Amino acid sequence: MDKNVLIQYCDMKEEIKDLRRRITETEKQIWKIAEEGTVKDTVSGGMGGIQHFVVEGMPVPELSRKKLLLNKRKAMLIKKENELLELTNQVEQYISSIEKSELRTIFRLYYIDGMTWTQVAHRMNAMHPKRKIAYNEKNLQKRNERFFAENE
């Protein structure tokens, strides 16, 4: 196992976020169609075209397409979330295989918890307040790069 599992994991988390955004957007579109309700129009006809009729209806084809799209996206989301769960297990296994406890903690915060390097630095400083050199974004990124360079 190598760093590609970490990259794939981060990419899949972003893909799922985007899919959730698309589902929400589609739900809003369906709600808007339903909220607007029926469409009305007046037509002439009968008795030589002197009678007027009100025709009312729901835009069924568009609503059906949106509902079908929503169902497909929800099914895809379930599939991707299951894949992410499997990938999470691989990522946790990879991180657990790292010898240094400090590095394992840093990687869990960054890759699994999705924190930024700045947030990781703050958390690590809180966990290790007596450390001579405080953690910061730059030295965490360098540790990350150095780890992968050494383990290629």
Side-chain angles (χ1 to χ4, degrees), residues 1-41 54-152:
M1 217 177 310
D2 60 1
K3 72 177 180 179
N4 290 329
V5 74
L6 297 174
I7 294 167
Q8 179 65 21
Y9 177 76
C10 292
D11 290 346
M12 177 135 336
K13 281 182 14 180
E14 290 303 315
E15 183 180 3
I16 287 173
K17 274 188 210 174
D18 181 60
L19 193 50
R20 283 189 180 128
R21 181 191 59 78
R22 290 172 188 274
I23 287 170
T24 301
E25 189 178 288
T26 305
E27 287 172 336
K28 286 179 185 176
Q29 291 170 351
I30 290 170
W31 182 82
K32 186 178 177 185
I33 291 169
E35 183 71 18
E36 290 174 355
T38 58
V39 178
K40 293 182 182 181
D41 195 10
V54 176
V55 178
E56 188 174 349
M58 188 76 157
V60 175
E62 181 182 3
L63 187 59
S64 295
R65 281 193 307 269
K66 296 288 182 186
K67 285 183 178 180
L68 181 63
L69 177 63
L70 179 63
N71 290 335
K72 284 183 179 180
R73 285 182 174 167
K74 284 183 176 181
M76 190 184 310
L77 178 62
I78 290 168
K79 181 182 173 195
K80 293 294 178 188
E81 284 176 337
N82 288 334
E83 288 176 25
L84 183 65
L85 188 58
E86 286 294 317
L87 209 50
T88 301
N89 292 335
Q90 292 176 26
V91 167
E92 287 178 348
Q93 186 178 14
Y94 177 72
I95 290 173
S96 293
S97 72
I98 297 171
E99 286 185 32
K100 288 188 170 187
S101 173
E102 176 188 38
L103 204 50
R104 286 193 305 267
T105 303
I106 290 168
F107 277 30
R108 279 190 190 102
L109 294 172
Y110 183 75
Y111 291 104
I112 294 176
D113 296 343
M115 293 182 175
T116 64
W117 287 117
T118 303
Q119 291 169 327
V120 172
H122 289 298
R123 178 71 61 89
M124 292 300 290
N125 286 327
M127 293 168 72
H128 305 281
K130 296 183 182 198
R131 190 170 191 265
K132 289 181 181 179
I133 300 173
Y135 293 95
N136 62 46
E137 182 178 349
K138 287 182 183 178
N139 67 23
L140 288 174
Q141 285 177 325
K142 284 182 183 178
R143 277 175 175 243
N144 184 52
E145 291 166 7
R146 192 169 47 243
F147 174 79
F148 288 121
E150 291 170 359
N151 292 292
E152 282 189 355

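Note that the structure is predicted; figures quoted are calculated from it, not measured.
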(message) How long is the straight-line distance from CE of Met127 back to CG of Asn125, given to the nearest 0.5 Å?
(response) 11.0 Å

(request) Go through the structure and list residues passing side chain to side chain contact (heavy atoms under 4.5 Å, CB included) with Asn139, not counting sequence neighbours. (result) Ile133, Tyr135, Asn136

What donor-acceptor contacts under 3.5 angstrom involve side-chain atoms of residues 104-113, with partners at least two apart or in another chain?
{"from": "Arg104", "atom 1": "NH1", "to": "Ile98", "atom 2": "O", "distance (Å)": "2.7"}
{"from": "Arg104", "atom 1": "NH1", "to": "Glu99", "atom 2": "O", "distance (Å)": "2.9"}
{"from": "Thr105", "atom 1": "OG1", "to": "Ser101", "atom 2": "O", "distance (Å)": "3.1"}
{"from": "Tyr111", "atom 1": "OH", "to": "Asn144", "atom 2": "OD1", "distance (Å)": "3.1"}
{"from": "Tyr111", "atom 1": "OH", "to": "Asn144", "atom 2": "ND2", "distance (Å)": "3.4"}

(request) Would you mind checking if Glu27 and Lys74 are paired as a salt bridge, meaning a charged N to carboxylate O distance below 4.0 Å? (result) yes

(request) Give every residue pair that meets the salt bridge (charged side-chain N to carboxylate O under 4.0 Å, His left out) criterion with at least one member in residues 135-147, sequence neighbours excluded. (result) Glu102-Arg143

What side-chain donor-acceptor pairs closer than 3.5 Å can you find for residues 76-88, not counting sequence neighbours?
{"from": "Glu81", "atom 1": "OE2", "to": "Arg20", "atom 2": "NH2", "distance (Å)": "2.3"}
{"from": "Asn82", "atom 1": "ND2", "to": "Ile78", "atom 2": "O", "distance (Å)": "3.3"}
{"from": "Thr88", "atom 1": "OG1", "to": "Leu84", "atom 2": "O", "distance (Å)": "2.7"}

(message) Test of understanding: with salt bridge (charged side-chain N to carboxylate O under 4.0 Å, His left out), list the residues that count as partners of Arg65, not counting sequence neighbours.
(response) none

(request) Check side-chain hydrogen bond (donor to acceptor under 3.5 Å, both in side chains) between Lys66 and all other residues, then give those that pass, not counting sequence neighbours. (result) Gln29

(message) Give me the atom names and distance for the closest heavy-atom approach of Val91 to Val5.
(response) CG2-O, 3.7 Å

(request) Tell me, please, which residues at least two apart from Lys72 pass side chain to side chain contact (heavy atoms under 4.5 Å, CB included). (result) Leu68

(message) How long is the straight-line distance from OH of Tyr94 back to CG of Asn4, given to the nearest 0.5 Å?
(response) 9.0 Å

(message) For Lys100, give me all partners under salt bridge (charged side-chain N to carboxylate O under 4.0 Å, His left out), at least two apart in sequence or on another chain.
(response) none

(request) Could you pull out all residues at least two apart from Tyr9 that satisfy ring-ring contact (aromatic ring centres under 6.0 Å, His included)? (result) none

(request) Report the distance from atom CG of Asp18 to atom NZ of Lys13, rounding to the nearest 0.5 Å. (result) 15.5 Å

(message) Going by side-chain hydrogen bond (donor to acceptor under 3.5 Å, both in side chains), name the residues that satisfy it together with Glu14, two or more places apart in sequence or in a different chain.
(response) Lys17

(message) Between Asp11 and Glu15, is there a side-chain heavy-atom distance shorter than 4.5 Å?
(response) no

(request) Would you please name every residue forming a side-chain hydrogen bond (donor to acceptor under 3.5 Å, both in side chains) with Arg123, sequence neighbours left out? (result) none

(request) Could you pull out all residues at least two apart from Gln141 that satisfy side-chain hydrogen bond (donor to acceptor under 3.5 Å, both in side chains)? (result) none

